[in-house]
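Worksheet: the structure to be examined is printed underneath.
Both backbone and side-chain heavy atoms feed into the values below; hydrogens, waters and symmetry mates do not. Chain A is the first sequence line, chain B the second, and so forth, proteins listed ahead of strands; every chain is numbered from 1.
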Amino acid sequence: MSVQKQERRDFIGMAFGAVAAVGGAFALVGMKKSWDPLPSVKAAGFTTVDLSPMQPGEFRQVEWRKKPIFIIKKDENMKANPSRDVVVGNENYIVTIGLCTHLGCIPSWSASDKMFKCACHGGEFNADGMNVFGPPPRPLDIPPFKIDGTKLVLGEEGPEYKKLVATA
Amino acid sequence: MAHITKATSVRDWFDQRIALTKLWNVLAGQYWIPKNINFLWAMGVVLTVLFTLLFISGLLLLMYYKPDANLAFDSVNYTIMKEVEYGWLWRHIHAVAASVIFLIIYIHAFVGIYYGSYKKGREMIWISGMLLFLIFSAEAFSGYMLPWGQMSYWAAQVITQLFGGIPFIGGALVEWIRGDYAVSDPTLTRFFMLHVCLLPIVIIMVIGVHFYTLRIPHVNNLEGEEIDFELEAEKYLKGDTVNSKVIPFWPGFLSKDFFYVSLFMIFFFYLVSFHFNFAMDPINFDPANAAKTPTHIYPEWYFLWQYEILRGFFFDIGPLKAADIGALAMAFAGISLFFMPLYDRSDVVAPAHKRKGFFIWFWLLIIDLIILTVYGKLPPTGFNAWIGFFSSVGFLALLLVVLPIITIKERKANK
């Protein structure tokens, strides 16, 4: 009799455990999702930049997904770099996310020695966005883009982007 | 149910219903404290007072603070500082207490290390204390970003970016923690929740645990003497208070504590009234600007040593990237002191000046931490970078290599 009763209690315990585990798992998924970026945040993820007014050698900073984007139009003194350059028309551009790959500070463009210098931890990148000194572990990231005539659409992965990422 | 009789006094009425006298005796009246301890043992009560001050001043700030990226800066710097009567006072109490509480936490912890109060039965006191240090760090950081100034913003940017170092999921994890592609309004509101709700609740619970862990092994004393608390308490209760080695927490010890707390409060309100600026970074009086990093960013003084360990490793070693070594070293530094009872292989409980090797090790650790703190504030270039590197390696070596070696030697010498 008592043995039978014990089995009943075990069953109730296990049934409760199963219900609690399923409920707990759903609760965790819900909590995880409510910290995800909101749909309105995700929808605002595209920026279009017209590159045609840029002068050779010019540096420009635009914003995409609340991140700074560095754009440089290369002049004749700057060597072409097929694994980093974005070619629009016949012009070569450097397009990178302007956040140091170490801890996400914004490096500043030093036009005189053609370098990006990050004040936070002394990281330096050359004009192509390659890390040349300090703690940054990799070159500046290239944002997903699509080329539309003379316009650059940031946030969409065009064929030129896929090709560039494949070679980089 | 208990047998309730007509109460003979108000106290008796409560005693019959909620055993007030019994509770008081457990918490204070018959909670035994050794006689031979000095003012350094008063830090726990100082911390309790500081936490209470933070809690109350925080409640008053909370009534006018606006957790919104567009409103936060002005709600602090205009509404609270200029409009709310005594708003400036609450803010300065809150900011100074947040800074000074770390000074006292460090003193409290290093007194524990100096006297060996983390071992032989007192491990749980140490571990729950370290847990409190960790949560206080999270609490301090989440509060630091709420005024939404330039330093707040970039501190949040850099600290959340640290999670990007985790393999595979790093990038997605950073976006999840921020709730956006960069630190912005959703980040502010969730850190606001952590700072004013979740973390304080957790802190209060862990403080409860920390107090409870003292009940069984009791606090250590100046000599590391093993006291039979039950025997000594019995002596005291029998009236032999002179020969008993213990006194009750109340009124004996706490009256002494109140004296030290009073002295400390004079110092504290001197800071609040005349030197509150040390807890206010000038850069944080510029509103947050996502498009421009300040030229030199650094954390508050109490995180400088960890920050210096983060950037102390500035060159790649083999396949390991400098940034990853730094992040790993800092993550370890954050939790490293948890394992003090493991590094110390000798079971001698005695003050450091009675353990020669340990004494030297203790002061080397303090000097190393001061160097890390000083250089954490300086730009990490040239010669400074190398000092940062050697003191970071020094910190890790002191804990992981030197301490086990000298304490194993000590144990063998004692045999």
If you count heavy-atom pairs within less than 4.5 Å of chain A, which of [options] leads?
options                                : answer
B:Pro186, B:Ser184, B:Ala172           : B:Ser184
B:Ala182, B:Gly165, B:Gly179           : B:Gly179
B:Ile159, B:Val158, B:Ile177, B:Asp180 : B:Asp180
B:Leu162, B:Asp324, B:Thr293, B:Val183 : B:Thr293

- Quick one: sort the A:Trp109 and A:Phe59 rings into parallel, tilted or perpendicular, breaks at 30° and 60°.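 The arrangement is parallel - the two ring planes meet at less than 30°.
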- Message: Parallel, tilted or perpendicular, judged at 30° and 60°: which one describes the rings of B:Phe102 and B:Phe136?
- Response: perpendicular
Ignoring hydrogens and geometry beyond distance, is a side-chain donor-acceptor pair present between [X] and [Y] at under 3.5 Å?
X        : Y        : result
A:Asp50  : A:Thr150 : yes
B:Thr187 : B:Asp185 : no
B:Asn284 : B:Tyr144 : no
A:Thr101 : A:Arg138 : no
B:Trp301 : B:Thr373 : no

Side chain from CB out, backbone as N, CA, C, O: work out which of these in [X] comes under 4.5 Å of a heavy atom of chain A, or both, or neither.
X        : value
B:Trp154 : side chain
B:Tyr307 : side chain
B:Ile325 : neither

- Can you tell which of A:Cys105, A:Pro135, A:Gly122 has the highest number of heavy-atom pairs within less than 4.5 Å of chain B?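 Of the options given, most contacts go to A:Cys105.
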Examine whether an atom of [X] lies under 4.5 Å from a heavy atom of chain B, and if so say whether it belongs to the side chain, the backbone or both; otherwise answer neither.
X       : value
A:Lys42 : both
A:Ser40 : neither
A:Gln61 : side chain

- Item | Electrostatic pair A:Glu58:A:Arg60 at N-O distance under 4.0 angstrom |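 A salt bridge links A:Glu58 with A:Arg60.
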